[in-house]
2 protein chains.
Amino acid sequence: MQMITIQSDAIFQALADETRLRIIRLKIVMGDESCLCELVDSLLEPSYKLSRHLKILRQAGLLSSQKEGRWVYHRLVTKPAYLEQLYATVQALPDSNGIYHADLKRFRDRLRLREGGRCQVGIQSEAFKTEAG
Amino acid sequence: MQMITIQSDAIFQALADETRLRIIRLKIVMGDESCLCELVDSLLEPSYKLSRHLKILRQAGLLSSQKEGRWVYHRLVTKPAYLEQLYATVQALPDSNGIYHADLKRFRDRLRLREGGRCQVGIQSEAFKTEAG
DNA sequence: TGCATGGTTGCACTATAGTGCAAGTGTTAT
DNA sequence: ATAACACTTGCACTATAGTGCAACCATGCA
């Protein structure tokens with residue numbers, strides 16, 4: 001089920017949050033799809049928080065999500081064309097405090113844990129592991 | 001007095017509002033500078049509302065403002081370069097309900113009231129005239 | 001000086017958005 | 001079945017954002 005009328009400001013609304021911008025920037029640079037636990041280990045934010053931000057990005061039409069077993073992979077939506085243009089702009093924004101660079105480094109490290117191009121492990125950062133409850 | 005650290009998400013925050021997007025879109029297309037009363041007559045929104053949105057756009061670094069007598073002229077900021085890129089993206093967004101087209105028409109009509117390239121009259125739309133208080 | 005006028009802002013109100021906790025869903029492995 | 005785990009979500013709370021009213025400031029003109 002999709003929205004019929006897409007509000008232009010909803011796209012900017014979606015990017016008007018630092019956590020969501022971090023997610024989008026990561027995915028612009030890396031291009032690849034990624035699951036939630038990889039993002040948790042890259043951004044060092046709790047899974048429930050990222051899960052909700054991912055949902056917002058999905059609803060804004062910037063991400064598409066696909067379930068594979070226990071994992072859910074998210075990827076950037078690139079159509080219509082102005083989205084590509086938007087991503088180029090996002091990529092051109094200054095990394096004022098080096099946060100995107102740090103995210104990217106952790107993300108690259110984390111991707112090495114994949115096997116066959118697919119995530120095989122859960123959250124690695126101790127502080128953000130799901131409490132077995 | 002300017003902010004030292006510019007938050008990237010502040011730019012998107014600034015565009016995450018329909019009224020502000022309408023202002024920016026008008027100015028992207030028309031290029032020219034414009035005063036508040038011209039915007040009131042173009043967007044048909046009360047002056048106090050637009051005045052506040054203009055302030056937010058100014059603080060986000062998207063507009064610069066200059067006072068000339070009783071009028072304050074606002075123009076788009078075009079540096080750094082990614083702002084031009086951003087405006088191109090904004091211009092590419094769909095005009096889902098024709099609102100930008102309508103704004104633009106009223107704006108063009110309103111510009112005809114200028115003399116010597118400068119606004120000489122106040123708010124023309126009856127409903128939004130400042131009540132003489 | 002007085003007043004109309006272009007524009008701004010303090011205040012109160014309301015709506016919305018982000019967060020953490022804890023409980024929940026669905027899938028895989030034992 | 002049972003447990004572990006990747007991910008999601010209902011609830012309560014807090015912070016922030018948008019709005020309208022009315023008062024205000026600043027400029028130009030009679």
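For the numbers below, each heavy atom of this structure counts, side chains included, while hydrogens, waters and symmetry mates do not.
In this model, no donor atom of one side chain and acceptor atom of the other lie less than 3.5 Å apart for A:D103 and A:S42.
When heavy atoms are screened at a 4.0 angstrom cut-off, A:V121 is found touching the sugar-phosphate backbone but no base atom. Residue contacts for B:R58: at a heavy-atom cut-off of 4.0 Å it reaches the sugar-phosphate backbone alone, with no base atom in range. Among the atoms of the strands shown, none is found under 4.0 Å from any heavy atom of A:C119.
Listed here is the closest heavy atom pair of B:Y73 and B:C119: OH-N, 2.8 Å.
Atoms CD (A:Q59) and P (D:dT9) sit 9 Å apart, rounded to a whole Å. When the C1' atom of D:dC5 is taken as reference, atom CD of A:E68 falls 17 Å away, rounded to whole Å. We find that CZ of A:R70 is positioned 12 Å from P of C:dT27, with the value rounded to whole Å. Across the protein-nucleic acid pair, A:Y73 atom OH and D:dA6 atom P stand 11 Å apart, rounded to whole Å. Distance CD (A:Q120) to P (C:dT27): 18 Å, rounded to an integer number of Å. Protein atom CD of A:Q66 is 13 Å distant from nucleotide atom P of D:dT8, rounded to whole Å. Atom CG in A:L36 sits roughly 12 Å away from atom C1' in D:dC5 (whole-Å rounding). Rounded to an integer number of Å, the gap from B:L43 CG to C:dG7 P is 13 Å.
Of the candidates D:dT9, C:dA4, D:dT8, the closest approach to any side-chain atom of A:S47 belongs to D:dT8. Side chain of A:S51, nearest nucleotide from D:dA26, C:dA29, D:dT9: D:dT9.
Taking OH of B:Y82 as the start and OG1 of B:T89 as the end, the distance is 13.5 Å to the nearest 0.5 Å.
The shortest side-chain heavy-atom distance between A:Q91 and A:V29 falls under the 4.5 Å cut-off.
For B:K67 and C:dG7, the shortest distance from a side-chain N or O to OP1 or OP2 is not below 4.0 Å.
For B:R118 and B:E33, the salt-bridge test passes: some basic side-chain N is under 4.0 Å from an acidic carboxylate O.
Test B:R114, B:K27, B:R110, B:H74 against B:S34 for side-chain hydrogen bond (donor to acceptor under 3.5 Å, both in side chains) and you get one pass: B:K27.
Around atom CZ of B:R75, no more than 12 heavy atoms belonging to other residues, nucleotides or ligands sit under 6.0 Å away.
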Quick test: give all pairs of protein nitrogen or oxygen and nucleotides 18-20 of chain D nitrogen or oxygen below 3.5 Å, distance rounded to 0.1 Å.
from   : atom 1 : to    : atom 2 : distance (Å)
D:dG18 : OP1    : B:R20 : NH1    : 3.2
D:dG18 : OP1    : B:R20 : NH2    : 2.8
D:dG18 : OP2    : B:R20 : NH1    : 3.4
D:dT19 : OP1    : B:K49 : NZ     : 3.1
D:dT19 : OP2    : B:H53 : NE2    : 2.6
D:dG20 : O5'    : B:Y48 : OH     : 3.3
D:dG20 : O6     : B:R52 : NH2    : 2.7

